[in-house]
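Single-structure report; data block below.
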Amino acid sequence: MSDITFSREQTSQMVHKLQKYLQAELDIEIGDFDAEFLLDFFAKELGAHFYNQGMADALRVVEEKTEDLVDTLTWLQKPVD
């Protein structure tokens, strides 16, 4: 599996949100470089956990939809005499 990459704009938005959070919640002010470094750390160390949970959630939805499809197809079967 390859690393997830974000556009420069997406990265900037995430950095800005991280800076706002740190300032509002912890009264910590960090610059763009440090915030991007911290974001990279979170992505590398924690990103797989979020990714795997997203995959598990998607799999659950697919399984539910598959069950619905099987039920529908079973209902559509014609009786055989």
Side-chain angles (χ1 to χ4, degrees):
M1 178 172 78
S2 63
D3 291 339
I4 298 172
T5 57
F6 297 103
S7 71
R8 189 72 210 137
E9 182 179 324
Q10 290 171 315
T11 299
S12 293
Q13 289 174 348
M14 289 186 284
V15 162
H16 180 70
K17 286 182 180 187
L18 182 56
Q19 288 171 315
K20 279 180 56 176
Y21 175 81
L22 291 172
Q23 179 63 45
E25 298 297 324
L26 303 173
D27 199 27
I28 296 172
E29 197 169 318
I30 63 174
D32 292 348
F33 178 79
D34 290 335
E36 191 167 339
F37 185 77
L38 185 57
L39 182 62
D40 286 341
F41 169 79
F42 287 146
K44 287 180 180 134
E45 297 299 322
L46 305 174
H49 295 282
F50 290 95
Y51 178 85
N52 289 342
Q53 185 61 52
M55 292 297 294
D57 293 345
L59 181 58
R60 189 186 76 252
V61 170
V62 168
E63 287 173 344
E64 290 170 1
K65 296 297 181 185
T66 301
E67 287 175 13
D68 291 344
L69 182 59
V70 168
D71 290 344
T72 300
L73 291 174
T74 301
W75 182 80
L76 290 172
Q77 287 180 336
K78 302 287 185 195
V80 177
D81 293 328

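- Around CD of Gln10, the count of heavy atoms belonging to other residues, nucleotides or ligands within 6.0 Å exceeds 12.
- Contacts classified as salt bridge (charged side-chain N to carboxylate O under 4.0 Å, His left out) and involving residues 43-57 (residues at least two apart or in different chains) are given here: Asp57-Arg60.
- Residues Val15 and Leu39 approach most closely at CG2-CD2, 4.1 Å, considering heavy atoms.
- To the nearest 0.5 Å, the span separating OG1 on Thr66 from CG on Leu59 amounts to 9.0 Å.
- When the side chain to side chain contact (heavy atoms under 4.5 Å, CB included) test is applied to Ile28, the partners found at least two apart in sequence or on another chain are Leu22, Leu26, Ile30.
- Under the 4.5 Å side-chain heavy-atom criterion for grouping Ile, Leu, Val, Met, Phe, Trp and Tyr, Met14 is connected to Phe41 within one hydrophobic cluster.
- The list of side-chain hydrogen bond (donor to acceptor under 3.5 Å, both in side chains) pairs with a residue in residues 33-43, not counting sequence neighbours, reads Arg8-Glu36.
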In sequence, state the C-alpha distance, the side-chain angles, and the governing distance for Leu69 and Lys65, and then conclude on side chain to side chain contact (heavy atoms under 4.5 Å, CB included).
CA-CA 6 Å; Leu69 182 59; Lys65 296 297 181 185; over 6 Å; no
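- Residue pairs that meet the side-chain hydrogen bond (donor to acceptor under 3.5 Å, both in side chains) test with at least one member in residues 70-81, sequence neighbours left out, do not exist here.
- Nearest heavy atoms, Ala35 versus Gln19: CB-CG, 3.7 Å.
- Remark: Glu29 CD is loosely packed, at most 12 non-hydrogen atoms of other residues, nucleotides or ligands lying under 6.0 Å away.
- Separation of atoms NE2 (His16) and NZ (Lys20) is listed at 5.0 Å; rounding is to 0.5 Å.
- Remark: Asp27 engages Gln23 in a side chain to side chain donor-acceptor pair (under 3.5 Å) (not counting sequence neighbours).
- Residues passing the side chain to side chain contact (heavy atoms under 4.5 Å, CB included) test with Phe42 are Leu18, Leu38, Leu46, sequence neighbours excluded.
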